[in-house]
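Only a predicted model underlies this, so the values are computations on that prediction, with no experimental measurement involved. Remember, it's 1-based here, ligands and their atoms both numbered in the order they're listed.
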Amino acid sequence: MVKIAPSVLSANFANLQKDIDSIKNDCEYIHYDVMDGHFVPNISFGYSILSDLNKICDNYLDVHLMISDPSFYAQNFIDAGADLITFHFEAINNDQDIHSLIQYLHEHHVDAGISIKPGTPVNVLLPFLDDIDLVLIMSVEPGFGGQSFITSALDKIEELKTLRHNRSYLIEVDGGINAITAKQCKDAGADVLVAGSYVFKAEDRQKAIESLR
Ligand code: DX5
Ligand code: ZN
């Protein structure tokens, strides 16, 4: 069954515990968007809030690093309790450094994910597919919640599903997910759906999450 990852970016930061409590029993993952104001034109939060979240829920902590130097900060997010650290291909763009970061995460018993922006083709990921635990397809330009789904993400999901063969990576999609785009992503082969505004702005969050399954 598809896993749902509500994105903390759309929560109320002044009532974070209340918002996490409202979803934590209905979803598998919690998606944590880190933005540095450099890789993307927005600033969200860093690792100290993650370590507080880690104390108030048992969900799998899915950390999405939209930052320019993921290797430099990886240890901070590991220490804060990340279960998965996903970094952007575009932030490193060097095969050897990407392999090193994946290895580093695995040595520290954290799952490794790699993400591509809407304009980046799937084939850049070919050298890493044997080693990676998850591929995150961005279906909006990273930086902000509440944008519309870019449909070319569906072709990328299908391509990754075809490429998987006996590999074990999960396919996650992030941006503009609602009940309609969720169905399209599931049909294409997505394993994990990130949803920010659709879940947190809903009157009934439990119902919103169920409508994505
Ligand atoms: C965007 C973030 C997303 C964002 C999704 O850069 O990576 O995780 O929270 O928000 P929605 O679901 O509202 O598009
Ligand atoms: Zn994200």
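- Taking the six-membered ring for Trp and the full ring otherwise, His64 and Tyr32 have centroids separated by 6.0 Å or more.
- Using a heavy-atom distance under 4.0 Å as the criterion, the protein contacts of ligand 1 are Ser7, Leu9, His31, Asp33, Met35, His64, Met66, Met138, Pro142, Gly143, Phe144, Gly145, Gly146, Asp174, Gly175, Gly176, Val194, Ala195, Gly196, Ser197.
- Contact check for Pro6 versus His31: no side-chain heavy atoms found under the 4.5 Å cut-off.
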Item to complete: Verify side chain to side chain donor-acceptor pair (under 3.5 Å) between Ser22 and Asp19, making sure each step is shown before the conclusion.
Response: CA-CA 5 Å; Ser22 75; Asp19 275 4; 4.7 Å; no

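- Within the sub-2.8 Å shell of the Zn ion (ligand 2), the protein contributes these N/O/S atoms: His31 NE2, Asp33 OD1, His64 ND1, Asp174 OD2.
- Salt bridge present: Arg213 and Glu210 bring a charged side-chain N and a carboxylate O closer than 4.0 Å.
- Salt-bridge check for Asp191 with Lys186: failed, with every basic side-chain N at 4.0 Å or more from each acidic carboxylate O.
- Cation-pi geometry between Arg205 and Phe200 is not met: the NZ or CZ atom fails to fall both under 6.0 Å from the ring centre and inside 45° of the normal.
- Classification of Lys55 and Asp52 as a salt-bridged pair holds, one side-chain N sitting under 4.0 Å from a carboxylate O.
- The salt bridge (Lys or Arg N to Asp or Glu O under 4.0 Å) pairs that include a residue from residues 108-132 are Asp130-Arg167, where partners are two or more places apart or lie in different chains.
- Here Asp187 pairs with Lys183 under the side-chain hydrogen bond (donor to acceptor under 3.5 Å, both in side chains) rule; sequence neighbours left out.
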